[in-house]
Amino acid sequence: MAMIKTTEEIQALREGGVLLSRALQAAVDAVKPGVTMRELDDIATHVIEEAGGTPSFKGYKGGSKIPFPSTVCISVNEEVVHGVGSRGVVLNEGDIVGLDIGCWYKKMCTDMAVTVPVGKISKECTDLLIATRASMMAGVEAALVGGDVRDISAAVEGAVNQKKYGIVKSLVGHGVGHAVHESPHVPNYTGGGFPKVPLKSGMCLAIEPMLTLGTDDVMTGKDGWTIVTTDGSLAAHFEVTIAVLPEGPEILTPLPNIGL
Ligand code: MG
């Protein structure tokens, strides 16, 4: 898979990104106490399919034996990512819920996520969401032609107050476009021994920090998919798909309004 996308491919990603963002916004707008994960998943699925897109996570295997069952990865509280969105789990006032979504459109694949409040949340949770989004944006701004993927990692890490937050290290961002996950890895920290990968015009990357209120250590739940913090601490995840371009990084998946 080519790391560099053509102008036409980036245009398809741009259109797919707008559709994906619209689907995610519809799900975000439906988040409230009492809603089930399955209802949110159905809303997002409908938006994507009605516009001629295809959810990219549903049926995806990755490293798991079980194909992923839903359009949206829905992860609540101590669940970090990859929560199964077709569960009948009811969201409660004060929860934080991560919604991660991907779709195929014109043969190109985009990927994005937000974590949002369910009703009124604590100040600690609000700060966690804002800090996670800010670290993602710092990473986006560092995605400059002539730089290196490690610049993105350093920018994300540098934006995080590590006395307050854990940075999940065993899950990383990635190239995207021709497949759900492509090279290169885009870690949210430095010092992991990742290779130097020059940033070139036309590279499309998913930048996706995951922060926690405690440990940076995670494990896979019994369902074979849901990733949770090992200490039960709350976690947040934000993600955008970007194109690295001569005029600067372009966010291909516009950030939804989450009220924060
Ligand atoms: Mg991703």
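All of these numbers come straight from a predicted model, not from anything done at the bench. We count ligands from 1, going down the list as the structure has it; atoms in each ligand are counted the same way. Only this structure's heavy atoms are used, side chains among them; waters, hydrogens and symmetry mates stay out. In this chain, residues are counted from 1 in sequence order.
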Give a yes or no on whether Glu247 atom CD has more than 12 heavy-atom contacts from other residues, nucleotides or ligands under 6.0 Å away. yes
Presence of N, O or S from His174 under 2.8 Å of the Mg ion (ligand 1): yes
To check your reading of the site, what angle at the Mg ion (ligand 1) do OE2 of Glu239 and OE2 of Glu208 form, to 10°? 90°
Just do the side-chain contact (heavy atoms from CB on, under 4.5 Å) check on Val76 and Met37 with the steps written out, would you? CA-CA 9 Å; Val76 67; Met37 290 184 178; 3.8 Å; yes
At what distance, to the nearest 0.5 angstrom, does OG of Ser75 lie from CG of Leu99? 8.5 Å
Let me check your reading of the structure: within less than 2.8 Å of the Mg ion (ligand 1), is there an N/O/S atom from Asp100? no
Nearest to the Mg ion (ligand 1) - the N/O/S atom of Asp111, by atom name: OD2
Among Met112, Met108, Glu15, Arg14, which residue satisfies the side chain to side chain contact (heavy atoms under 4.5 Å, CB included) criterion with Leu252? Arg14
